[in-house]
Every structure is written in structure tokens, then in C-alpha cells.
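Only this structure's heavy atoms are used, side chains among them; waters, hydrogens and symmetry mates stay out.
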Amino acid sequence: QVQLVESGGGSVQPGGSLRLSCAASGYIYSRKCIGWFRQAPGKEREGVAGIYVSVDMTDIADSVKGRFTISQDNAKNTVYLQMNSLKPEDTAMYYCAAGGRLGANCGSLTSPGTYNYWGQGTQVTVSS
């Protein structure tokens with residue numbers, strides 16, 4: 001089992017920044033891949049970024065590339081999503097997800113199919 005706790009959401013004006021945190025615990029091989037997804041009302045869930053924790057390999061969706069970055073603090077078992085130059089279209093519920101299994105690579109880091117565990121989500125609202 002893996003537990004995920006997201007934090008850091010909130011309301012910000014366009015052009016502002018937020019940093020989301022995802023604290024992960026549980027069986028280490030089941031959380032070797034950590035991803036961030038978002039879903040706005042009436043829209044499909046979108047993979048935003050992901051990280052293959054043990055090799056520090058990352059992937060960022062084209063829609064946010066150049067504005068969002070993903071990083072990790074291994075000592076805290078925490079993955080961060082730094083979001084800069086936020087736009088109103090970034091408004092969504094943001095979810096942290098974990099996946100992986102012993103002996104296997106992560107696969108696509110922005111694909112929901114890579115992940116088995118999901119957090120409760122944290123709301124991000126970008127509005128003037």
C-alpha cells in the first residue's frame with residue numbers, strides 16, 4: 001500500500017507561482033514513479049509531470065513545459081511540482097499519483113496507466 005498526501009494548492013493571480021507537495025509513504029517499489037495530474041470541471045484528467053524517483057528521470061507535459069518543474073527530496077519522501085507563470089487555464093484539481101513494481105521501469109510518466117495509487121487532490125485556482 002502507498003499513502004499520498006498533497007499540499008500547497010490555493011488561489012493565485014495570473015502570472016503567479018505555487019509549489020505543490022506530495023508526501024509519499026508505503027512500499028517503496030510501489031512508489032518508484034510519482035506523477036502529477038490535473039482535472040478541471042468538464043475536462044479529462046491530464047498528466048502534467050512525472051518522475052522516476054530512483055534515477056531522477058522526469059517528464060513534463062508539453063502544455064506546461066517551460067513553466068512547471070518536478071523535483072524530489074528523497075530525505076522527506078516528497079515530490080514537488082513547482083508551477084510558475086500560472087494561467088487561468090491551469091485552474092484544476094491537482095492529484096499526486098504513485099506507481100511501479102519491483103523489477104520494472106516506470107513507463108510513461110504522464111500516463112494514468114502507470115499509476116496505481118492516487119491522492120485526494122489539492123485545488124489550484126488562477127484568477128484575477
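- By the criterion of side-chain heavy atoms lying less than 4.5 angstrom apart, applied directly or through intervening Ile, Leu, Val, Met, Phe, Trp or Tyr residues, Ile60 is grouped together with Leu18 in one hydrophobic cluster.
- Checking side-chain atoms of Lys43 against main-chain N and O of Arg38 turns up no donor-acceptor pair under 3.5 Å.
- Checking Gln3 against Ser25 by side-chain atom types alone, a donor-acceptor pair falls below 3.5 Å.
- Across Tyr52 and Ala104, no two heavy atoms sit closer than the pair OH-O, 3.9 Å.
- A distance-only check finds a donor-acceptor pair linking the side chain of Thr114 to the backbone of Ser108 [under 3.5 Å].
- For Arg67, the salt bridge (charged side-chain N to carboxylate O under 4.0 Å, His left out) partners are Asp90, not counting sequence neighbours.
- Not a single donor-acceptor pair under 3.5 Å links the side chain of Lys32 to the backbone N or O of Asn105.
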Verdict with reasoning, Val12 to Ser17, per side-chain contact (heavy atoms from CB on, under 4.5 Å)
CA-CA 7 Å; Val12 64; Ser17 297; over 6 Å; no
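- Residue Ile70 holds its CD1 atom at 8.5 Å from SG of Cys22, rounded to the nearest 0.5 Å.
- Hydrophobic clustering, with ILVMFWY side chains joined whenever heavy atoms are under 4.5 angstrom apart, groups Val124 together with Trp36.
- Looking at Thr110, its side chain never comes within 3.5 Å of a backbone N or O of Gly47 through a donor-acceptor pair.
- For the pair Thr122 and Ser7, the tightest heavy-atom approach, listed with the atom from each and the gap, is OG1-C, 4.4 Å.
- Going from atom CG of Leu102 over to atom CD1 of Ile28 covers 11.0 Å, rounded to the nearest 0.5 Å.
- Side-chain contact between Ser127 and Ser11: absent, with no pair of heavy atoms (C-beta onward) separated by less than 4.5 Å.
- Neither Tyr95 nor Val64 shares a network with the other; the hydrophobic side chains, linked directly or stepwise wherever heavy atoms of I, L, V, M, F, W or Y lie under 4.5 Å apart, form separate groups for each.
- Of all non-hydrogen atoms in Ala49 and Leu81, the two that sit nearest each other are CB-CD1, 3.9 Å.
- Judged purely by atom type and a 3.5 angstrom limit, Ser128 has no side-chain atom pairing as donor or acceptor with the backbone of Gln13.
- Closest heavy-atom contact between Gly100 and Asn116: N-OD1, 4.0 Å.
- Panel note: side chain Tyr117, backbone Cys96; no donor-acceptor pair is recorded below 3.5 Å.
- Checking side-chain atoms of Arg31 against main-chain N and O of Gly26 turns up a donor-acceptor pair under 3.5 Å.
- Linking Ile, Leu, Val, Met, Phe, Trp and Tyr residues whenever their side-chain heavy atoms come within less than 4.5 Å places Met93 and Tyr115 in a single cluster.
- Atom NZ of Lys65 is surrounded by more than 12 heavy atoms from other residues, nucleotides or ligands within 6.0 Å.
- Checked by atom type and distance alone, the side chain of Glu6 pairs as donor or acceptor with a backbone atom of Gln120 at under 3.5 Å.
- Considering only residues two or more places apart in sequence or on other chains, Glu89 meets the salt bridge (charged side-chain N to carboxylate O under 4.0 Å, His left out) condition with none of them.
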Show your reasoning for whether side-chain contact (heavy atoms from CB on, under 4.5 Å) applies to Ile51 and Leu109. CA-CA 6 Å; Ile51 185 167; Leu109 292 169; 5.6 Å; no
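- Residues Ile34 and Phe37 fall into different hydrophobic clusters, defined by Ile, Leu, Val, Met, Phe, Trp and Tyr side chains chained together at heavy-atom separations under 4.5 Å.
- The closest donor-acceptor contact from the side chain of Gln72 to the backbone of Val53 lies under 3.5 Å.
- Rounding to the nearest 0.5 Å places CZ of Phe68 at 8.0 Å from CG of Leu20.
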